[in-house]
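Note that the numbering runs from 1 along the sequence shown for the chain.
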Amino acid sequence: MKPFDDGCAANDEFQSALGGSYQGELVRDLLRQRVRMPEPVEHYLARPKLTENITAATGPGSVLFLEAPPGYGKSHALCAAFRETGLTDRLSWLTLTGLENDAGRLLALLEVAVAARSKFGGRSSKNAASYPDALSMLLSAFESADFSGARTLVIDNVGIIAHPASIGLLQQLVLETPANLSVVLVSRKPLPFETHSLELAGRFRRIGPDELELSRAETFDFLKGSLERQAMTTITAEHLYALTEGWVTPLGLYQQEIKADPDARLPIQESASVERFLRDAVLIHLTPGQQRSLRIMAELDVVSDDLFLALADSSCDHAFRPSAAAEAGIPIRQVPGRGKWFRFKPLVHDWLKTPAVDGTEDRALKASRWFSRRNQVPEALRYALIAGAHDEAVRIASDASEALLIGQDTASLLSLRHSLPESLFVESPRLKIVYGWVHAIGGQFVQARKLVSDLEADTDEFWRCRIDALRGFVLRGEGAVDEALECANRALESDKLSAQGRLVTELVRSSAFCAQGNFSKAREANRNAVRLAREAGDAGSEALAVYAHARIELGKGALKHAEQLLRTGLDMAMNDSARAARVGEVRLQLHLVMVLWHQGRESEADRLLVTCIRHAEQTRDLALLLALSIRVLICRTNGRLDEAFTWIGRAERAMQAWKVDAAVYVPVLEALKISTWLVSGQLDASSQALERLAPWREENCVPDMFPMMPGLLDCLQARLEIARNEDDKAAGTLKAIRDRHQEMVPFGLELHVRLLESVIASRKNGLAQAQKLLLDAVNLASEAHYISPFSELRRELAPLIEKTWPRLPDSDFTKELGRRYGIAGASGAEPIALAEPISERERGVLELIAQGFSNQDIADNLHISLHTVKTHARRINAKLEVKSRTQAIVRARELGLL
């Protein structure tokens, strides 16, 4: 690729002005060779994402910074992306080496790249007193040149520039970019100068690894060919996405290997091309000391600079800490909200751990003691187990039972369980209590009962209150609501119960009252739990209490309030640098997924589910059953019935592998099967499954994580009866639901019942009454945009919705309803909607941000405090799902908010 001006090259006069460093034809040939676009590669994998981002970010006078992850910088990906944008005819490419730390050499290259002979011709350079003056003249001449359309200058490998004079020239180029030039900077390192003024002016955009990654849906689309050829299953694709987090290059390389040799099914991190890519992209440029440092970091799930230095040995490069590795472009990311804690991409993490580095167990023991000194009990236990230090692990488990209960690191505790002799349990009631909780949290209620059954509950109040608390938890998990409340109340009567034990027991009470529909008492119990958490300064436990509060709002159908609570709780959990109660964070995320699902925001829910499933599997959290159930619902809503059954099978295998009591998961999975069979018209299979669930339905259990389960099973019974034209039976089944719940029918269940009643009315009492019932249900659901029951009952409701459509109110909810039912006049592009709308005050702050005002200026203009401005700005970023002021401005303009 030639520079902008076909014959433009550095002339002797200009070189003389720079001190005579470069003279003659040899220099001109060298510069022409350096300033060109590399040859394109046809099948580079990152091209679509780059093309999309470059098209959006390049424009007259704009500056784009591509903070390229490994495999992007100095690659042909950018070349191919530019070719697809149609910019190659007006593109100049400059790849820097260490030699450009000579400012004169850098300026000479920039002159070749951007000079316009007709306007510049070297005349202005004679009067240049300094390199900055020469560059200013060069850019001024370029801006006045008569070009047809703007030009683009790509400067690759910017991170290699370290000399202040050369950095100053690059910064000057960025600040003084002419209106007819677009500058693209590429580096694996952050820019060595500030860009805030350009960001505020809307002229600067940063594209990092996040923007270049595929979403889950894009990953499945990328792997579509392999899925259609049955070269891989959807479970494999899901696993690949979880490992790569949408990192397109290893995904593409692995797909090519599968296509070339379908029988070779090595894990992605062991496949030859991916392993070669990781070695070349991650390790090949590092010194042996830096490589050892990376491998030691990879022994930990998350690592900070301080923790790394506590573990590093003399063979490590102690300066190459996690923060330095991130700055160097290694795929290790800062954990959001955790301060200076970092984690590798899962694929890189797994790859770096093989082969293991010598001294792994000793470092694991050091890590355990490092966490112990900071009262981070679950992590301390986990690394004690990795170190094989069973005595240390038993001490941690015995001394910190309630802390472990709140941390709920079930996976580590169960791992320890297999190595403990039974004699220890005979001697230690505390261990029995601890493992009673562990089994209960993991859904192994039978084993939990067995462990504490031989304790003398009536002799020692210290143990009696703890046993009552545990039994209350077990009974609530099994769905015995009244008995759970009795045990919980009895436990709380004792002053011997620890603060953390009381907290969990209050959460049990809150859940039980919520299941009864007694929301006022549920809120009271939850407030007690919040107070205990705050008194203990335990943000992780407070997150669990927020989760319980959100469940109450969810049961009432207040989806918007529930979402606000869940997002607040997640912010709180992310700001807890101690990482306590990871399970609390997962539960918050999962219930946010439920809110999104109920509101029909499947793509958002789908994206968040990936993280939830991975964390639940890591901690052996029973919430995995809920996560996989939501995945089934999403698949079924989108007509992917085979995939829905695949996820049901995965859930069943996971529960069996974890030895979860059948009564915990069988009714849930059977209900999912029934609803999927009803969609496909398999009535006999649905009927048989309902018969198998008859004993469980007779007990009227209300599972902790599925409080609407009994009522929804009755709805499935009514749907089967409607499908068989047994309308009277169906009406009786629905009436029984109302009789059982009286005035306390959960909101979601109420919607299901009303919609099914409208279907029965259309067949028995005529269209007018059915339409009235349907209109009432639509009005009830529209306020919270509670659309999931309409999606669930599409097969039954479709005829009635179509007939009633003209009478439905004109609202966003009904438009969405029309799209889902394929009604003529309701189709069209789905509008972009925010998860939470921008308030009027936030809109005012956003408008001033877009005008370039600082936070203090905004505070002065709106007569509010600086802290309030920062709070508004943080909430604006969260609502727009962006990370900076510039991104917020761009996103707001896309949405028409500015």
Side-chain angles (χ1 to χ4, degrees), residues 1-4 34-41 44 46-69 71-97 100 106 109-115 135 138-139 142-143 147 149-161 166-167 169-195 198-199 201-212 329 884 886-887 890:
M1 179 71 193
K2 296 179 180 179
F4 300 133
R34 287 282 308 287
V35 187
R36 72 183 193 277
M37 186 171 174
E39 291 299 318
V41 169
Y44 190 79
R47 187 175 62 219
K49 272 293 195 183
L50 279 170
T51 303
E52 173 189 331
N53 281 279
I54 288 170
T55 303
T58 52
S62 68
V63 179
L64 168 64
F65 172 47
L66 176 61
E67 193 170 6
Y72 289 78
K74 293 195 296 185
S75 71
H76 297 299
L78 200 56
C79 311
F82 271 112
R83 190 172 66 253
E84 291 196 0
T85 63
L87 296 174
T88 52
D89 292 337
R90 302 187 302 275
L91 180 71
S92 189
W93 189 288
L94 177 59
T95 300
L96 303 180
T97 68
E100 281 67 56
L106 175 60
L109 288 172
L110 291 174
E111 190 273 339
V112 174
V114 304
L135 181 58
L138 174 67
L139 297 176
F142 183 87
E143 188 166 22
F147 289 132
R151 267 49 176 172
T152 300
L153 170 63
V154 179
I155 305 179
D156 196 0
N157 206 22
V158 172
I160 205 166
I161 300 300
S166 295
I167 291 174
L169 286 179
L170 288 176
Q171 184 175 17
Q172 182 184 351
L173 171 64
V174 167
L175 291 172
E176 298 178 9
T177 300
N180 55 349
L181 178 66
S182 179
V183 175
V184 179
L185 305 173
V186 185
S187 174
R188 287 178 63 176
K189 299 179 180 179
L191 286 177
F193 47 81
E194 66 88 17
T195 56
L198 286 175
E199 290 187 49
R203 290 181 51 218
F204 182 91
R205 179 167 175 180
R206 186 185 310 270
I207 297 179
D210 290 347
E211 288 82 4
L212 299 177
S884 69
T886 303
Q887 292 175 346
V890 172

Side-chain touch [X]/[Y], heavy atoms, less than 4.5 angstrom:
X: Val183; Y: Leu181; result: yes
X: Val174; Y: Leu185; result: yes
X: Leu191; Y: Phe204; result: yes
X: Leu106; Y: Leu170; result: yes
X: Leu110; Y: Leu94; result: yes

Among all residues two or more places apart in sequence or in another chain, which pass the side chain to side chain contact (heavy atoms under 4.5 Å, CB included) test with Leu139? Leu135, Leu173, Glu176, Pro178

The criterion is side chain to side chain contact (heavy atoms under 4.5 Å, CB included); which residues satisfy it with Ile167, sequence neighbours excluded? Ile161, Pro192, Phe193

Of all heavy-atom pairs between Glu194 and Gln171, which one has the smallest distance, and what is that distance? O-NE2, 4.0 Å

Identify which one of Ile155, Ile160, Val158 satisfies the side chain to side chain contact (heavy atoms under 4.5 Å, CB included) criterion when paired with Ser187. Val158

Do the side chain of Asn157 and the main chain of Val186 share a donor and acceptor less than 3.5 angstrom apart? no

